[in-house]
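Values reported hereafter were calculated over all heavy atoms of this structure, with side chains retained and with hydrogens, waters and symmetry mates removed.
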Amino acid sequence: MTEITPQSEDFSRWYLDVVRRAELADYTEVKGCMAIRPYGYAIWELIQQGLDRRFKATGHVNAYFPLFIPASLLMKEKEHVAGFAPQVAWVTRGGDEELAEPLIVRPTSEVIIGTLYAKWIQSWRDLPVLINQWANVVRWEKVTRPFLRTTEFLWQEGHTAHETEAEAQEETLKILALYKEFAETELAMPVIDGQKSESEKFAGASRTYSIEALMGDGRALQAGTSHNLGQNFAKAFEIQFQGRDKTVQHVWTTSWGVSTRLFGAVIMTHGDDSGLILPPRVAPYQVVIVPIPRGNWQETVLPKARELQAQLVAAGVRVMLDDRDAYTPGWKFAEWEMRGVPLRMEIGPKDIEKGQVMVARRDTREKSSLPFDGIGDTAVRLLTEIQQALYHRALKFREDHTQRVTSYEEFKSVMEGRPGFVLAAWCGREECEASIKADTQATVRNIPFGSQRVTRSCVKCGRDASVEAWFAKSY
RNA sequence: CGGGGCGUAGCGCAGCCUGGCAGCGCAUCUGGUUUGGGACCAGAGGGUCGGGGGUUCGAAUCCCUCCGCCCCGACCA
């Protein structure tokens with residue numbers, strides 16, 4: 001049995017151990033292309049459901065666009081192609097024929113969708129277009145890591161078109177808020193929202209916004225982005241409509257996405273040295289029942305365990321009854337803890353006699369006997385508690401690793417010591433951003449919305465600071 | 001893409017230096033006894049030694065080359 005490397009010894013190795021031991025994903029023959037195993041995929045499906053429900057509730061609909069895109073289309077938006085070209089995979093042959101025009105495998109779908117929107121949109125009455133797609137995309141990455149950065153990954157990409165600049169901006173921020181609410185409610189993961197710096201914004205966007213989470217090793221992870229694309233793509237792809245005032249105008253577009261990377265964020269936000277800890281709302285099994293075999297247990301204990309399972313299912317809880325005879329209870333305890341199941345219920349002859357169930361929490365490891373009667377409600381209440389406890393624990397961790405600094409010396413010493421988020425005044429110039437990165441490895445994660453011109457000077461160069469920004473070492 | 005480390009059974013590793021029967025632990029399978037924190041006994045199965053090429057009577061071992069994984073850096077919404 002391979003042990004999981006302790007976080008304190010090597011966080012990165014811990015992460016890779018958890019991914020493999022918990023059977024979330026596995027490597028394949030191609031660099032950066034991982035298989036997502038059933039347990040991992042079940043978690044992804046729950047993430048999808050939570051997001052999809054929210055997209056639909058805000059008026060979005062799903063559609064599907066093709067994997068292959070004519071290379072020439074990518075070239076139409078100047079900044080976009082410059083940003084993505086180094087990461088694009090090409091198809092130059094089909095069967096035994098050289099293609100007249102090479103295809104690219106989508107790294108994102110702005111260009112193909114833009115081409116279609118140009119056909120679909122004629123009038124202001126066709127707007128807004130609010131489409132999302134669930135898809136795989138490919139970006140040729142040099143350094144890959146399961147979930148965090150893979151060559152092929154799963155994500156959703158929303159692509160909307162609007163009549164006015166204000167509407168596009170509203171959509172961009174609405175989705176950012178949706179992502180934040182989702183991360184905090186479903187993933188129990190506190191995030192910082194704000195605007196990306198000029199150097200970190202999406203290739204082709206007017207403005208990019210992000211949510212950023214803090215991982216257990218003190219490094220930040222960009223967990224989702226929402227872009228206001230202005231009229232950049234509308235002009236490149238001639239997406240035009242006739243307005244209320246009879247004039248022909250370009251639409252205003254947005255795009256936004258989150259990927260399987262979110263899953264990596266969940267692992268690194270909540271996990272501990274025993275393995276994964278899943279927030280109940282995205283746990284494929286919220287409760288695992290371990291029957292305690294004694295004597296003729298299949299006829300004494302097992303029926304009671306099934307009854308317990310039925311009560312939990314009736315209460316709307318996702319349950320796994322682990323009735324495998326080949327493993328001992330102790331082995332099952334360790335196994336399901338490693339896989340992050342929020343609650344474990346043990347039921348044996350002693351419990352049955354007393355009308356009780358032994359309940360153990362994954363997050364606190366507290367173990368207590370609770371009455372069998374009403375166990376469904378008890379489980380629901382405990383799961384809610386765990387969901388909140390995980391959020392508050394993560395929030396406290398972030399607060400303990402967040403500070404405002406006023407001098408560069410202070411900035412550097414924070415980054416050398418216990419890293420985390422640093423809020424510092426910044427003049428907004430790429431020059432300072434780059435030299436801060438060179439000195440400390442920290443980059444601008446984003447610029448908070450409340451941030452306004454402050455009287456203090458740039459933490460690096462001392463000039464007037466236009467904003468305060470969140471800095472951190474990042475993935 | 002640069003520097004470093006690594007690749008031998010599902011996992012972790014020894015063997016390589018100095019060429020000569022492919023091994024160990026865990027896991028797996030069968031049978032039995034067990035089972036409230038990773039059980040025990042007995043037996044069994046499992047290998048293109050990352051791929052290709054070369055040297056040699058003979059290559060896991062030596063040489064060339066390609067691929068993959070990990071770490072650091074560059075790059076990367």
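- Comparing Y327(A) and A203(A) against RNA chain B, the residue whose closest nucleotide sits nearer the 5' end is Y327(A).
- For G23(B), the paired nucleotide is C13(B), the pair qualifying as Watson-Crick or G-U wobble because both relevant distances are below 3.5 Å.
- Counting to the nearest Å, the P atom of C26(B) and the CZ atom of R21(A) are 16 Å from each other.
- With C1' as the reference atom, U61(B) and G15(B) are 9 Å apart, rounded to whole Å.
- Distance CG (D322(A)) to C1' (G37(B)): 14 Å, rounded to an integer number of Å.
- Between G52(B) and G10(B), the two C1' atoms lie 26 Å apart (nearest whole Å).
- Straight-line distance between the P atoms of C70(B) and U18(B): roughly 32 Å, to the nearest whole Å.
- In this structure, W155(A) reaches the bases: a heavy-atom distance under 4.0 Å links it to at least one base atom across the strands shown.
- The one candidate from R445(A), R429(A), E433(A), E430(A) that meets the side-chain hydrogen bond (donor to acceptor under 3.5 Å, both in side chains) condition with S197(A) is E433(A).
- The pair D351(A)-K354(A) does not count as a salt bridge, with every side-chain nitrogen at least 4.0 angstrom from each carboxylate oxygen.
- Comment: K304(A) engages E307(A) in a salt bridge, judged by a side-chain N to carboxylate O separation of less than 4.0 angstrom.
- Using modelled atom types, one finds no donor on one side chain facing an acceptor on the other under 3.5 Å when comparing D322(A) with Y285(A).
- Regarding contacts with the backbone of G12(B), a side-chain N or O of R20(A) is found under 4.0 angstrom from either OP1 or OP2.
- Ion pairing between R344(A) and E337(A) holds under the 4.0 Å rule for side-chain N and carboxylate O.
- Base-pair partner of C49(B): not found among the strands shown (Watson-Crick or G-U wobble, both distances under 3.5 Å).
- Residue K350(A) contributes atom NZ, which lies 12 Å from atom P of U35(B) at whole-angstrom precision.
- In this model, no donor atom of one side chain and acceptor atom of the other lie less than 3.5 Å apart for S255(A) and E157(A).
- Going from the C1' atom of A9(B) to that of A14(B) covers 14 Å, rounded to whole Å.
- Spacing between C49(B) and C62(B) at atom P, rounded to whole Å, works out to 15 Å.
- Ring orientation note: the planes of Y327(A) and W331(A) are close to parallel, at an angle under 30° on the 30°/60° scale.
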Reading nucleotides 67-76 of chain B from the 5' end, what letters show protein touch, with B for base, S for backbone sugar-phosphate only, - for no heavy atom under 4.0 Å?
-SSSS-BBSB

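- Counting any heavy atom pair closer than 4.0 Å across all strands shown, T225(A) reaches sugar-phosphate atoms only and no base atom.
- Under the 4.0 Å criterion applied to side-chain N and carboxylate O atoms, K332(A) and D323(A) are not assigned as salt-bridge partners.
- Taking the P atoms as reference points, C11(B) lies 14 Å from U28(B), given to the whole Å.
- Nucleotide U35(B) is matched to nothing when pairs are restricted to Watson-Crick or G-U wobble geometry with both distances under 3.5 angstrom.
- Mapping M338(A) and V137(A) onto RNA chain B by nearest heavy atom places M338(A) at the nucleotide closer to the 5' end.
- Between the CG atom of D273(A) and the P atom of G38(B) there is a distance of 19 Å, rounded to whole Å.
- Following rounding to the nearest Å, W331(A) (CH2) and G38(B) (C1') show an atom-to-atom distance of 8 Å.
- In this entry A42(B) has U30(B) as its Watson-Crick or G-U wobble partner, both defining distances falling under 3.5 Å.
- Nearest nucleotide to the side chain of D325(A), out of A39(B), U34(B), G36(B): U34(B).
- When both distances must be under 3.5 Å, the Watson-Crick or G-U wobble mate of C6(B) is G68(B).
- Taking atom C1' on both nucleotides, C29(B) is separated from A22(B) by 22 Å, rounded to a whole Å.
- As rounded to the nearest Å, C75(B) and G5(B) have P atoms that lie 24 Å from one another.
- The nearest whole Å value for the distance from the CD1 atom in I289(A) to the P atom in G36(B) is 18 Å.
- For the OP1/OP2 pair of A39(B) and a distance below 4.0 Å, the side-chain nitrogens and oxygens of T328(A) include at least one atom meeting the criterion.
- The pairing partner recorded for C62(B) is G54(B), the criterion being a Watson-Crick or G-U wobble arrangement whose two distances lie under 3.5 angstrom.
- One interatomic measurement links the two molecules: CZ of R344(A) to P of G38(B), which rounds to 12 Å at whole-angstrom precision.
- Rounded to an integer number of Å, the gap from K367(A) NZ to G37(B) P is 6 Å.
- Side-chain contact between W90(A) and V105(A): absent, with no pair of heavy atoms (C-beta onward) separated by less than 4.5 Å.
- For U18(B), there is no paired nucleotide, since no Watson-Crick or G-U wobble pair has both relevant distances below 3.5 Å.
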